[in-house]
Protein chains: 2
Amino acid sequence: MSLLTLGTVAFDTIETPFGKADRIIGGAGTYIAWAASHFHKDLQLLSVIGEDFPAEELAALEARGVNLDGLEKREGEKSFFWAGRYHMNMNARDTLATELNVLENYSPKLPEGYKNPEYLLLGNFAPAVQMQVLEQLEKRPKLVAMDTMNFWMDIAMEELKAVLKQVDILIINDEEARQLSGEYSLVKAARVIREMGPKYLVIKKGEHGALLFHGESTFFVPALPLEEVFDPTGAGDSFAGGFMGYLAQEDDHSLESMKRALVYGSVVASFCVEAFGPNRLKEIDEAALDARKKAFQNLMEVKL
Amino acid sequence: MSLLTLGTVAFDTIETPFGKADRIIGGAGTYIAWAASHFHKDLQLLSVIGEDFPAEELAALEARGVNLDGLEKREGEKSFFWAGRYHMNMNARDTLATELNVLENYSPKLPEGYKNPEYLLLGNFAPAVQMQVLEQLEKRPKLVAMDTMNFWMDIAMEELKAVLKQVDILIINDEEARQLSGEYSLVKAARVIREMGPKYLVIKKGEHGALLFHGESTFFVPALPLEEVFDPTGAGDSFAGGFMGYLAQEDDHSLESMKRALVYGSVVASFCVEAFGPNRLKEIDEAALDARKKAFQNLMEVKL
């Protein structure tokens, strides 16, 4: 079951209370691909990079089974760059710099092999770009998920609402859910947002876990309490990648399967934050994932 | 199995973004007693009030099975009074007024029938007062739990540490855990605090749920996402009351029983916040508790 994802492949400079990492590999597409690759092998990555992006990083993704036919490389241009600083409370951060570079006029062209994905994850991108992907599909995927952010709500709300009408699952954080809905209560926000289109809504609360809303059901998965959260960058994307990677692998998007996917997304996100960039996602193996799955079971299981 | 609790019985004035309630019934002891009474009937309340406290409130507690032999009533004096204002984020609040009144020189005297409780919950109080209760016991209870707050860490840390050495469970919130331990990470904080005495540590995170640490085990219970949190006052005390009420009723303080108790504490706290003061705790019946227990099951259950 092919899983197509749209997401940035980029450089990040990150400051946390524990250290600084300069121009490391980042981008939502990078995190999603690495995270999903732990569950599923039929992955396609739609994105754009400049001539500055290291060939060995691309080779590593391909070695994981990620198809890069849809990764446009622009000679003479630079990759997207973001710099940010996290507070002691790692749920909050300030953006220090954003250089769009290749993203400035990006208009994705889907290769032939990308036009019939069974599963689609539209990572955080301009809603107009997300829409261009949907418009090039030859048939509707079994499941379409998307991420977005406050920035697009500020400057492109109408385009965002048009995309929302076409997706099954929206995956956003609590502050984004509040801004999108105009409601402070997440229960009320979930109702308003699901009237905009998505039948499923996942609200990420960072270190406080994530909620899944569908119909009358609400499901919650905690984040694993960790000794140290080293760098939260990419945790939300890793979560989304693990979530969709699991669903694509199972080829089952029932509510019960989605609950499990939420746990697996949290499992992989719990590794992501243990090191700068996607480094931990590259290291971990099946045994590590399995041990952490058991940690989540111990954290959540109770016989009432 | 008798459950003895020490806790204030008081008046509160509360402002939230949704309204204001003037001089309503409050106090940790009040919330604990009402919450515990939904699980257990052999309750004893150790506290002090002034002549201004309404007789009908005491009669209502007695009708619930709460023994008030240890409730000292001081003629010519006034009950403890607290006033506070909650922010839009109901996890944060400012104290507007604190009038100690009868608490100023309170030194609890345990009636004969209070000296052999099987279960003891020391609500938030000056550590010296908590110690006076422990010193009057004729034998060690099966389980001793306590609450405390930042204020006592600021002005009475040594007395607090002496009490901590004698308790089995400490129930505090995340900010208190950070201050007590000097560690930001709750995993590290839990390790430091358990070296101070308590074998079990419960860290309450308000709307973000609660964690139980014991040995190598960590268990998490979410808070129920609600349409509206009307007034968070007393939620933590209701949680502690429900938790200890369930354990006393079951007379089982194994780890598995404690996990269930954590859920029942959350169940009763989820009602507490739906109205000003302890009003919802007085209204709810077994059917309401049962329905909400099912809501927690739906929120938490997943087959991995």
Side-chain angles (χ1 to χ4, degrees), chain A residues 17-18 87-91 174-175 178 183-191 203 205-213 216-230 246 255-264 266-267 290 293-304, chain B residues 17-18 87-91 174-175 178 183-191 203 205-213 216-230 246 255-264 266-267 290 293-304:
Chain A
F18 305 110
H87 303 191
M88 191 64 194
N89 166 355
M90 292 269 215
N91 268 4
D174 43 2
E175 287 317 309
R178 287 179 170 129
E183 290 286 352
Y184 187 83
S185 153
L186 296 181
V187 175
K188 289 183 181 174
R191 192 177 308 126
I203 299 182
K205 305 201 298 169
E207 62 167 324
H208 299 304
L211 286 157
L212 168 65
F213 294 92
E216 294 301 305
S217 295
T218 307
F219 175 69
F220 177 84
V221 60
L224 192 70
L226 294 168
E227 291 258 333
E228 262 169 14
V229 172
F230 200 78
Y246 176 81
L255 183 59
E256 282 310 310
S257 180
M258 281 207 194
K259 290 181 183 181
R260 285 190 289 275
L262 221 66
V263 177
Y264 286 109
S266 303
V267 163
D290 216 55
K293 171 188 149 186
K294 288 199 179 68
F296 271 87
Q297 279 178 311
N298 292 334
L299 188 64
M300 299 172 70
E301 267 184 10
V302 57
K303 284 194 186 66
L304 289 179
Chain B
F18 305 110
H87 303 191
M88 190 64 193
N89 167 355
M90 291 269 214
N91 269 4
D174 43 2
E175 287 317 310
R178 288 181 171 128
E183 292 285 353
Y184 187 83
S185 153
L186 296 181
V187 175
K188 290 184 181 175
R191 192 177 309 123
I203 299 182
K205 306 200 300 171
E207 62 167 324
H208 300 303
L211 285 157
L212 168 66
F213 294 91
E216 294 300 305
S217 295
T218 308
F219 175 68
F220 177 84
V221 60
L224 192 70
L226 294 168
E227 291 258 332
E228 262 169 15
V229 172
F230 200 78
Y246 176 80
L255 184 59
E256 283 309 310
S257 179
M258 280 206 196
K259 290 181 182 181
R260 285 190 289 275
L262 221 65
V263 177
Y264 286 108
S266 303
V267 163
D290 216 55
K293 172 189 149 187
K294 288 198 178 69
F296 271 86
Q297 279 178 312
N298 291 334
L299 188 65
M300 299 172 70
E301 266 182 12
V302 59
K303 284 192 189 67
L304 288 179

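- The candidate from B:Glu228, B:Arg260, B:Lys205, B:Lys293 with the greatest count of non-hydrogen atom pairs under 4.5 Å with chain A is B:Arg260.
- Looking at A:Thr218, the atoms closer than 4.5 Å to chain B (heavy atoms on both sides) sit in the backbone and in the side chain alike.
- A distance of 8.0 Å separates CZ in A:Phe219 from CG in B:Leu299, rounded to the nearest 0.5 Å.
- Ranked by heavy-atom pairs under 4.5 Å with chain A, the list B:Glu227, B:Glu207, B:Lys259 is led by B:Glu227.
- Neither the backbone nor the side chain of B:Glu183 comes within less than 4.5 Å of any heavy atom of chain A.
- Listed options B:Leu224, B:Leu212, B:Leu226, B:Leu262 were ranked by heavy-atom pairs under 4.5 angstrom with chain A; first place goes to B:Leu226.
- The OH atom of A:Tyr264 sits 5.5 Å away from atom CG of B:Leu304, with the distance rounded to the nearest 0.5 Å.
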